[in-house]
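I have placed the structure first, in the form of structure tokens, so that the comments after it can refer back to it.
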Number of protein chains: 2
Amino acid sequence: MSTAQETTGGDVEPWEEVTPDAARRLLVAAVEAFAERGYHATTTRDIAGRAGMSPAALYIHYKTKEELLHRISRIGHDKALDILRTAARREGTAAERLADAVGSFVRWHAGRRTTARVVQYELDALGPEARAEIVALRRQVDAEVRGIIEDGVASGEFDVPDVQGTTLAVLSLCIDVARWFNVNGPRTPEEVGALYADLVLRMVGAG
Amino acid sequence: MSTAQETTGGDVEPWEEVTPDAARRLLVAAVEAFAERGYHATTTRDIAGRAGMSPAALYIHYKTKEELLHRISRIGHDKALDILRTAARREGTAAERLADAVGSFVRWHAGRRTTARVVQYELDALGPEARAEIVALRRQVDAEVRGIIEDGVASGEFDVPDVQGTTLAVLSLCIDVARWFNVNGPRTPEEVGALYADLVLRMVGAG
DNA sequence: GGCTCGGCTAAGCGCCCGCTCACCGTCGGC
DNA sequence: GCCGACGGTGAGCGGGCGCTTAGCCGAGCC
């Protein structure tokens with residue numbers, strides 16, 4: 001189980017920061033619908049129906065369908081960044097911190113797959129300003145992982161010829177979990193997290 | 001440049017097997033539109049417009065919009081599988097064959113990014129029968145890569161505790177290139193292919 | 001020259017989309 | 001007991017969707 005923490009599954013039901021209750025139910029319904037069919041293929045009638053409300057109710061809590069996606073994407077990226085920061089800033093060697101970061105990041109992408117799918121794959125559906133805000137968060141995500149790898153190179157733990165390229169590959173590997181992970185498949189999020197932490201340590205020459 | 005071949009960029013303009021000319025123009029227009037905005041967000045009017053034709057012209061050559069996606073997906077998967085097979089069945093050590101497979105597979109995903117995006121990310125938009133056909137092709141893709149890794153383990157070249165999981169990760173890494181690769185970015189498809197071949201050899205313990 | 005026929009277009013059908021608006025039930029405050 | 005505020009609904013608007021149909025045009029054949 002490597003360095004499992006409560007960073008992923010331990011916290012209470014997510015979206016608790018969204019109030020009032022009806023707004024949260026609509027948002028959770030939208031996450032499910034967007035993850036299943038994609039943003040453009042999801043209708044406002046479908047979202048409202050999943051939340052047990054009439055189509056018009058959506059517009060009491062959100063100005064447009066796009067605002068729903070924006071809120072989901074913002075909260076999701078905040079959470080993902082928080083997970084990475086927690087791992088990056090703990091004590092330990094660079095290898096321990098990288099394994100922890102990859103493990104918890106992967107557990108989140110697998111365990112909260114519906115959210116992660118929307119967060120990672122529906123960026124292009126946002127308008128220019130909203131997209132710019134999210135892109136800034138992604139740059140911070142990149143910086144956290146790159147920081148750990150740079151630390152490992154500086155301390156001699158890692159052997160990495162192309163730090164930026166390797167950072168990109170590590171993040172790409174983790175993010176793509178949201179595309180293929182199957183809740184009914186043979187692997188648990190914990191198992192995938194442990195496997196990926198090992199693979200990434202090998203990629204940086206610390207395996 | 002490692003073991004660069006003409007498997008990717010060297011072949012003539014793709015889609016040459018699609019005839020007549022008008023049908024090919026529509027299909028190329030559809031690939032561009034689907035890659036930019038996604039299948040569901042693309043209208044038949046947009047596709048026809050890009051091909052310089054009226055909306056009705058599409059239905060002379062294709063029964064539905066979904067048939068267009070099916071044809072694109074089928075041809076694209078055939079091409080991707082062909083690239084992998086060529087690398088997997090050449091002569092050489094398992095490490096050479098794996099590096100060649102990853103390098104050429106990545107070069108295709110980066111160099112023909114628009115096609116790869118549609119092929120890899122619009123699978124869910126297909127109906128059940130079409131999707132089943134494509135899923136069967138993907139299993140063959142998986143089998144090719146797994147075969148090389150198994151060869152390397154058998155010969156003692158590789159050290160891989162979880163062959164199926166590592167195969168999944170290698171393919172995931174390559175496929176996700178189609179999501180993030182930017183034609184105007186700092187890296188060429190060849191550079192990414194070489195970087196990824198190196199990273200994958202490290203993942204299997206042959207770096 | 002007349003005929004056929006495949007490729008293509010203009011027009012439009014029926015449907016469903018995102019979103020709005022007039023209205024309504026409930027509930028705390030006085 | 002009345003009132004305003006809030007959260008909700010039913011009906012529907014304007015428009016764009018995938019797709020169809022009637023008919024036009026030019027090339028090939030006799």
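This structure is a prediction, so every number in the text was calculated from the model and none was measured. Here is the naming used below: chain letters follow the sequence lines, and residue numbers restart at 1 for every chain.
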Classify the nucleic acid contact of B:Ser54 as base, sugar-phosphate or nothing, counting any heavy atom under 4.0 Å across all strands shown.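 Result for B:Ser54 = base.
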Could you tell me whether a side-chain N or O of B:Tyr39 sits under 3.5 Å from a main-chain N or O of B:Glu66, the two making a donor and an acceptor?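 Yes, the answer is positive, given that a donor and an acceptor are paired below the 3.5 Å cut-off.
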Is there a donor-acceptor contact under 3.5 Å from the side chain of A:Gln120 to the main chain of A:Arg117?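 Side chain of A:Gln120 to backbone of A:Arg117, a donor-acceptor pair under 3.5 Å: no, none is there.
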C:dT9, D:dG18, C:dT20: which one has an atom nearest the side-chain heavy atoms of B:Thr43?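 That would be D:dG18.
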Nearest to the side chain of A:Pro55, heavy atoms from C-beta on, is which of C:dC19, D:dG8, C:dA10?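 Comparing C:dC19, D:dG8, C:dA10 against the side chain of A:Pro55, the answer is C:dC19.
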At a heavy-atom distance below 4.0 Å, what parts of residues 58-67 of chain B sit against DNA chain C?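 When residues 58-67 of chain B is checked for heavy atoms under 4.0 Å from DNA chain C, the hits, listed by number, are B:Ile60, B:His61.
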[X] [atom1] - [N] [atom2] separation (whole Å):
X: A:Tyr39; N: C:dC17; atom1: OH; atom2: P; result: 14 Å
X: B:Leu68; N: D:dG18; atom1: CG; atom2: C1'; result: 13 Å
X: B:Asp21; N: C:dG7; atom1: CG; atom2: C1'; result: 12 Å

Does the pair A:Asp100/A:Arg97 count as a salt bridge with the N-to-O cut at 4.0 Å?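 A salt bridge is absent here (no side-chain N lies under 4.0 Å from a carboxylate O).
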Can A:Arg37 and A:Asp46 be counted as an ion pair, charged N to O under 4.0 angstrom?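 Salt bridge: yes.
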Return no unless some side-chain N or O of B:Thr44 is found under 4.0 Å from OP1 or OP2 of D:dG18.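 So the side chain of B:Thr44 is within the cut-off, an N or O lying under 4.0 Å from OP1 or OP2 of D:dG18.
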Has the side chain of B:Arg45 got a donor or acceptor that lies under 3.5 Å from a partner of the other kind on the base of D:dG16?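 Between D:dG16 and B:Arg45, which were checked side chain against base, a qualifying N/O pair under 3.5 Å is absent.
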I need the minimum non-hydrogen distance between A:Arg187 and B:Gly165, along with the two atoms involved.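 Answer, listing the atom of A:Arg187 first, then B:Gly165: NH2-N, 3.2 Å.
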My understanding is that only one of A:Arg131, A:Glu133, A:Lys65 makes a side-chain hydrogen bond (donor to acceptor under 3.5 Å, both in side chains) with A:His70; could you say which?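 Exactly one candidate clears the test, A:Glu133.
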